Amino acid sequence: MKKKGKLLSSVLASFMIVSALAGCSGNDGNKASPSDSAASKAAPSESASASSASNETGLDTSKKVELQFYMLGDAPKDLPAIQSEINKMALEDLNATVKFNFTSWTDWDQKYKLLLSSGQPVDLIFTADWTQYQSYAKSGAFLPLDDLLPAAAPKLQAFVPQDMWDAVRIEGKIYTVPATYKEYVNNGFVYREDLREKYNLPVPKDITSFEAYLDGIKANEPGIQPLSMNSDVRQNLMDVFREVNDDTIGGPLPYGIGIKYNKPGEFYSYWGSDEQKKDLETVQRWQQKGFFAKNVLNVKDTLQDPITSGKAAAILGDNPTRYNDTMSKMQSTHPDWKLGYTPYAESRGFATPVHPIHNGFAIPQSSKNPERALAFYEKMVTDKRYNQLTQYGIEGKNYTVEDGYYKMVGDNTSNGFLREGMQGWAWRNPEFMLFDKSYDGVKAIFDKLDAIAKPDLFTGFVEDYSSYQPERAALEQVEKQYFYPLYAGLVKDIDEGIKTAMDKANNAGLQKIQASYKQQWLDYVAKNGIK
Amino acid sequence: MPTRKTFIRELITNRILFIMLLPTIVFFLINSYVPMVGIYYAFTRFDFNTSLFNSQFVWFDNFEFLWKSGILTKLTLNTLGYNLAFILFGNILAIISAVLLSELKLKWFKKLAQSIMFLPYFISFVILSVIVYNLFGYENGFLNTFLKSFGLEPVDVYNTPWLWVILVVVFYIWKNLGYSMIIYLAAITGISEEYYEAAKIDGANIFQRTWYVTIPMLKTTFIVLLLFALGSIMKGQFDLFYQLIGNNGVLYNATDILDTYVYRSLKVTFDIGMASSAGLYQSLFGFVLVMTVNSIIRKVNEDYALF
């Protein structure tokens, strides 16, 4: 009797395991059926043309689907409410529901890569030059949209101008839906204007006048750190420094490469050049004058927070929109402080509007319902209800419209959906856009820049690094270990520092990388007739 | 074939026991052995468009980046060194504090001390990095403000690599001491009172009781913990190093370990092949190490060996 009980329990246990296993393999079956989903991908285009007579959108919506939508950054608090509103409409229009997923900004780049390579179903994902759209598209992470667009989203196809479609093509194919809103993300000096007036300091216009401004702050305001800087000295210090001082073509340029906007056909190594030496001397002087923390490489604040809290007085370079955000955030707690802005265009003489690649949405390879995803995205862009709901939230609850201006309800903390709370840069539709009154300042800057706009020559370039993958990975380490201390002005003997860094870089294969990049770049320049 | 026959007979006679073992076997098959197929990634070029086994086989190309910059030896030594320090100092301190705590008579104080020591374990590394920066920051750090108030020269901790060799170990132990101590405390509780009573009757004082009874009884626990720790000796404490050191290249010579190097190198280049190759290198190294140490232990005293 006793023995039987034992047997029974062990049999039961093994049953439970087996059923757990079955659950697992069931999941696996769903996941690992690329051939199935490929077949279903191919099929709907046929059925779409077949059923187009009955369905005006030319889309097979007979099966209800859930779309996985991925955006970078943090989800707004009121997202569930917005999502259910959207789903009500989407269910009716497209027999689809959508789940809005957010990566948060922490390690977003890792998560982004995993989303694309792990094979989990993702139907729509944000793309930009800074998320390596070009490389991913080239390596086949996204579905080409050329054939999908006329069938699934004809309205969207017509809405985006043809030259923008052409500009996002990678090797002849369209992989992303570009945003049509024209903006500038060129940098400019951000500085405390009230302090400048108080001590009668020069207006920062170039590196020299900026340094004079910082000197004045250092001398008069011992409690304030003149320059806001953090550990990412490559991006936040050197890249912007070169943008205003060295006429870089755009970028950030990788591997210590130098290309000038006004001489795109001339390619040189910035690392080890006299130009770099001069730049580093300036940065070292700034470090020694105490413009930013000595341990800057361990500072993890954002650049903007110390400005809004009054701990720092200036940012070397930021784009107009973010400057405006910083200013309104600062003035919400310190209304008497003023923040000034000088676009680099004032000294460079021109500005470049964003390239269409800068904001977009693509359909990854892993999508199970690419047509429906594209049709849904069409709604997000071209349907005012979808668009304003996902950009500004619920009217009356999250915002109101006064004299054509956007007005937030409550404040930053009480409002559950701030303006563009879903980071909806990519599906902005100029016809439906609402602006805060404070945004007039940015518009004024944009209008000024419009007059001196020149095309972005760099973003259309697609780097193919497959031939120097290992060198590229090794060089990353060399830059962090040997160039970052130089960028932070911490190395006393600059000549010696550059020499060591260059030796290490050459060991890691810098020559091979630069030679290959140069060849690709010159081909691109020749092919596109850039002079 | 006598061996096969005995195995089958064993299977039949102990079938209940084997059925009871089954869940564990299945668990490890699914979670540890099946994923090993992914090792193949280390030898292929990753491609979004095809499956794993259709990708191009590239032999050892993916391993190239590990020695490309010629720092593999240094990374390996750093990783090994730090982990050995963690294991050694961590265990010694854990044993000492466990013995001390177990001798405490006041119950509420014992509980309090234990909780206080355990608390840092729950502090995330991100917060730890903020605490450390506020302690050692050059301009406004606690240490330098303190030194300056006494008219002393400030210390630039973040640009002094050798200091970090000590600091990293100190912070690791500060954070993990409470946790490893509890394991030893449990082992001490498991030691029968009779030994102590016998020792007392023989006239042993408290130090002798600790040295001749407690410590030898903890030896097995120590060896098992040691072997477990050795298995992952090539997997450094990524969070700790990444958060404390971050982008500070000045300190890399003294503080860079394999994990942080791999993370940095592949952050830009995300390549599954190269990441797998680094993981494979770490695992193989750990495997060889565990096998060697285990066989040494088995030679010395078979009872203590893990297998």
Side-chain angles (χ1 to χ4, degrees), chain A residues 3 6-7 10-11 13-14 16-17 20-21 24 32 34 109-110 112-114 116-117 132 136 139-142 225 230-234 254 290 293-295 297-300 364-365 465-466 469-485 488 490-491 504 507-509, chain B residues 15-17 19-20 22-23 26-27 30 45-51 61-71 126 129-130 132-133 136-141 154 156-159 243-253 256 261-274:
Chain A
K3 201 170 183 193
K6 239 186 200 170
L7 185 73
S10 53
V11 166
S14 54
M16 275 158 74
I17 294 300
L21 257 179
C24 277
D109 41 358
Q110 299 296 103
Y112 189 84
K113 287 157 187 166
L114 282 174
L116 290 178
S117 51
Q132 326 303 331
Y136 280 121
S139 58
F142 306 128
Q225 180 177 306
N230 62 23
S231 71
D232 200 349
V233 284
R234 150 90 201 260
K294 203 174 172 81
N295 303 139
L297 291 174
N298 288 83
V299 175
K300 285 171 186 162
Q365 280 284 355
Y465 48 72
S466 52
Q469 276 274 49
E471 288 83 2
R472 197 166 172 257
L475 193 65
E476 177 67 17
Q477 168 77 2
V478 172
E479 180 166 21
K480 277 264 165 68
Q481 185 165 357
Y482 298 99
F483 280 107
Y484 270 49
L490 295 169
V491 179
K504 298 282 178 186
N507 278 344
Chain B
R15 58 188 178 279
I16 303 292
L17 289 178
I19 288 173
M20 287 165 87
L22 196 69
V26 169
F27 177 87
I30 294 173
R45 179 153 292 138
F46 182 76
D47 189 341
F48 284 103
N49 296 313
T50 64
S51 62
D61 278 11
N62 288 326
F63 291 82
E64 211 182 326
F65 88 103
L66 280 175
W67 56 76
K68 197 84 209 172
S69 48
I71 57 170
V126 183
S129 80
V130 177
V132 174
Y133 184 76
F136 299 126
Y138 186 78
E139 285 89 3
N140 302 312
D156 192 1
V157 178
Y158 275 101
N159 287 319
Q243 293 299 344
L244 281 190
I245 311 299
N247 273 342
N248 195 342
V250 183
L251 306 177
Y252 283 174
N253 267 328
D256 215 16
Y261 171 73
V262 169
Y263 176 79
R264 260 198 314 280
S265 309
L266 302 183
K267 197 173 168 174
V268 273
T269 321
F270 190 71
D271 183 297
I272 291 188
M274 296 202 297

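Below, chains carry the letters A, B, ... as their sequence lines are ordered, and counting in each starts from 1. Since this is a predicted model, take the numbers as computed values, not measurements.
Note that the CD atom of B/Q243 and the NZ atom of A/K300 stand 4.5 Å from one another [nearest 0.5 Å]. Here CG of B/N248 is found 7.5 Å from CG of A/N295. Values are rounded to the nearest 0.5 Å. Atom-to-atom distance recorded for A/R234:CZ and B/N247:CG is 11.5 Å, nearest 0.5 angstrom. Put simply, OH on B/Y263 and CD on A/Q477 are 13.5 Å apart, with the number rounded to the nearest 0.5 Å. Between the CG atom of B/L244 and the CG atom of A/N298 there is a distance of 8.5 Å, given to the nearest 0.5 Å. Atom CD of A/Q469 sits about 4.5 Å away from atom CE of B/M274, to the nearest 0.5 Å.
The ring pair (Phe, Tyr, Trp, His ring centres under 6.0 Å) test applied to A/Y112 returns A/Y136, not counting sequence neighbours. Under the rule for a ring pair (Phe, Tyr, Trp, His ring centres under 6.0 Å), the partners of B/Y133 that lie at least two apart in sequence or sit in another chain are B/Y158.
Of all non-hydrogen atoms in A/P485 and B/G249, the two that sit nearest each other are CG-C, 4.2 Å. Annotation for A/K294 and B/D156: closest pair CE-OD2, 2.9 Å, computed over non-hydrogen atoms.
A heavy-atom distance below 4.5 Å is found between the side chains of B/N253 and A/Q481.
Looking at B/L251, there are no atoms closer than 4.5 Å to chain A (heavy atoms on both sides), in backbone or side chain. Interface residue B/F136: only backbone heavy atoms are found under 4.5 Å from chain A.
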